[in-house]
Protein chains: 2
Amino acid sequence: MPKDQRVPEPDISGAPARTLRADARRNRTRILEAAEAVFAAKGPSASTEEIAQKAGVGIGTVFRHFPTKESLLKAIMHAVAVRLTEETRALAAEGDPATAFFAFFTRTVEQAAEKKTVVDLLAQAGIPVTVAKPVLALREAVEVLVGKAQQAGAVRPDVRVPEVMALLIGVCQASLHTRWEPDLRARTLAIVFAGLRPAATAG
Amino acid sequence: MPKDQRVPEPDISGAPARTLRADARRNRTRILEAAEAVFAAKGPSASTEEIAQKAGVGIGTVFRHFPTKESLLKAIMHAVAVRLTEETRALAAEGDPATAFFAFFTRTVEQAAEKKTVVDLLAQAGIPVTVAKPVLALREAVEVLVGKAQQAGAVRPDVRVPEVMALLIGVCQASLHTRWEPDLRARTLAIVFAGLRPAATAG
DNA sequence: CTGTAACCGAAGTGGAGACTCCGATTGTAG
DNA sequence: CTACAATCGGAGTCTCCACTTCGGTTACAG
């Protein structure tokens, strides 16, 4: 019985614990890609079997890499959070802070309209008490972005981050339920942006 | 075999098909009340058994009155839609149209924060192609309310109903996910309202 | 090339929940 | 009061899904 020790957790982030066999590493990547696609389309309620099928592996392989469906979901959320955070930071760093915030808002809503994963992630980010580090990082990146937009006079100074997050989450949620034409999305965002801008700048 | 004919559907609306026995009518009412409470708290994923228990009847009785979980859900949605529509019409009929719309918006969000049923209902109402009559009536009532508010100059004339519905749904959805203190809710609504008002009136 | 340990995957397990069946119960007509 | 048919209710069925198991397969060291 040569195996008595087992890797306690295949780890959440993305890098395997240590020298994973070649085929194992390949399958792990496939599973992550398939899971991201399926979760984005159908939400967290999608069955593990569907993911396995889409990845071209057996269901047992999925559970070998991710002992729980939840752990798989966390891995995806982690990846999405990191990506969103990077985008947000890039926007905050470069160019005009006045337009950066509104560009971020619009872009996030556009993504959310097609990816349930983004919406679920944002819903987590909206709750003040956040456990996961990547989600916390996303929150902070948004805070920076809002702060800069306010300093630039593009957003009313009395607006706080929580309500911005609430609005962001709300519009994203709504974009999932109603099939938005780009036109409707634009008009809805226009109203929200009008509410966020200083009174003088509105219109 | 004296029974060969059976009522094809216990009907969705609320009134029993015909002279229901006394205990049956009482149980039907209890089931509806219990279902409304449970669905409002836990959403449509709540189990039928929990509803039966809360109503103090066996699960068989629930399925006798409502052959499908979906039919029970429809009955509840119907009732909620009718109630919301009446409230909305009353607001549109009475007093100041300028404040009526904002009062409606605020009140609906407050209700949605505690009742998942309301949110699910609104999500249906947001889709242009609506099947159920009560939901359609709700949409029309909102249209009247928005129209009057616009004529009174309280809402920008270029705003259309779909984006108002989208915003309403969005804020309601968001209020479910984040545990809102009244303070945050008020600030979020203030932003949306500022975006809806004519530029001159804002502030 | 060969042994072996790690890996794969599909059948199997257990539980949850929607829905059914049928003997026990009860309202109600006569 | 009695009979009977409608109603009740909960044990049982069926399906779906997360998760496990284990014999077959494969990558990699020697």
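Throughout, a chain's letter reflects where its sequence line sits, starting with A, and its residues are numbered from 1.
A close approach under 4.0 Å does occur between a side-chain nitrogen or oxygen of B/His65 and OP1 or OP2 of D/dC8. A/Thr48 has no side-chain polar atom (N or O) that falls below the 4.0 Å cut-off from OP1 or OP2 of D/dC17.
For DNA chain C, the residues of residues 49-61 of chain B within the heavy-atom distance limit of 4.0 Å (strictly under) are B/Ile59, sorted by number.
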Q. Stepwise, does the side chain to side chain contact (heavy atoms under 4.5 Å, CB included) test hold for A/Thr85 with A/Val142?
A. CA-CA 8 Å; A/Thr85 305; A/Val142 173; over 6 Å; no

Q: Give the C-alpha distance, both sets of side-chain angles, the deciding distance and a yes or no for salt bridge (Lys or Arg N to Asp or Glu O under 4.0 Å) between B/Arg89 and B/Glu94.
A: CA-CA 9 Å; B/Arg89 282 191 183 138; B/Glu94 78 180 26; over 6 Å; no

Q: Determine, step by step, whether A/Lys116 and A/Asp120 satisfy the salt bridge (Lys or Arg N to Asp or Glu O under 4.0 Å) criterion, reporting the C-alpha distance in whole Å, the side-chain angles of both residues, the deciding distance to 0.1 Å, and the verdict.
A: CA-CA 6 Å; A/Lys116 284 190 164 72; A/Asp120 295 329; over 6 Å; no

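In this structure, CZ of A/Phe63 is placed 13 Å from C1' of C/dA10, rounded to the nearest angstrom. Nucleotide C/dT28 holds its P atom 7 Å from the CZ atom of B/Arg21, rounded to whole Å. Here D/dC19 presents its C1' atom at 16 Å from CZ of A/Phe66, a figure rounded to the nearest Å. Summarising the geometry, the separation between NZ on B/Lys69 and C1' on C/dC19 is reported as 12 Å, rounded to the nearest angstrom. With rounding to whole Å, B/Arg64 atom CZ is found 13 Å from C/dA24 atom C1'. In this structure, A/Ile31 places its CD1 atom 14 Å from P of D/dC19, rounding to the nearest Å. Rounding to whole angstrom units, CG of residue A/Asp23 and P of C/dC7 are separated by 8 Å. One interatomic measurement links the two molecules: CG of B/Asn27 to C1' of C/dT26, which rounds to 12 Å at whole-angstrom precision.
Heavy atoms from other residues, nucleotides or ligands lying under 6.0 Å from CZ of B/Arg160 number 12 at most. Atom NZ of B/Lys69 has more than 12 neighbouring heavy atoms from other residues, nucleotides or ligands inside a 6.0 Å radius.
The side chain of A/Ala22 has D/dA27 as its nearest neighbour among D/dA27, D/dA18, C/dC8.
Using cut-offs of 30° and 60° on the angle between ring planes, the pair A/Phe101 and A/Phe104 is tilted.
For the pair B/Arg107 and B/Phe102, the cation does not sit on the ring face, since its NZ or CZ is not both under 6.0 Å from the ring centre and inside 45° of the axis.
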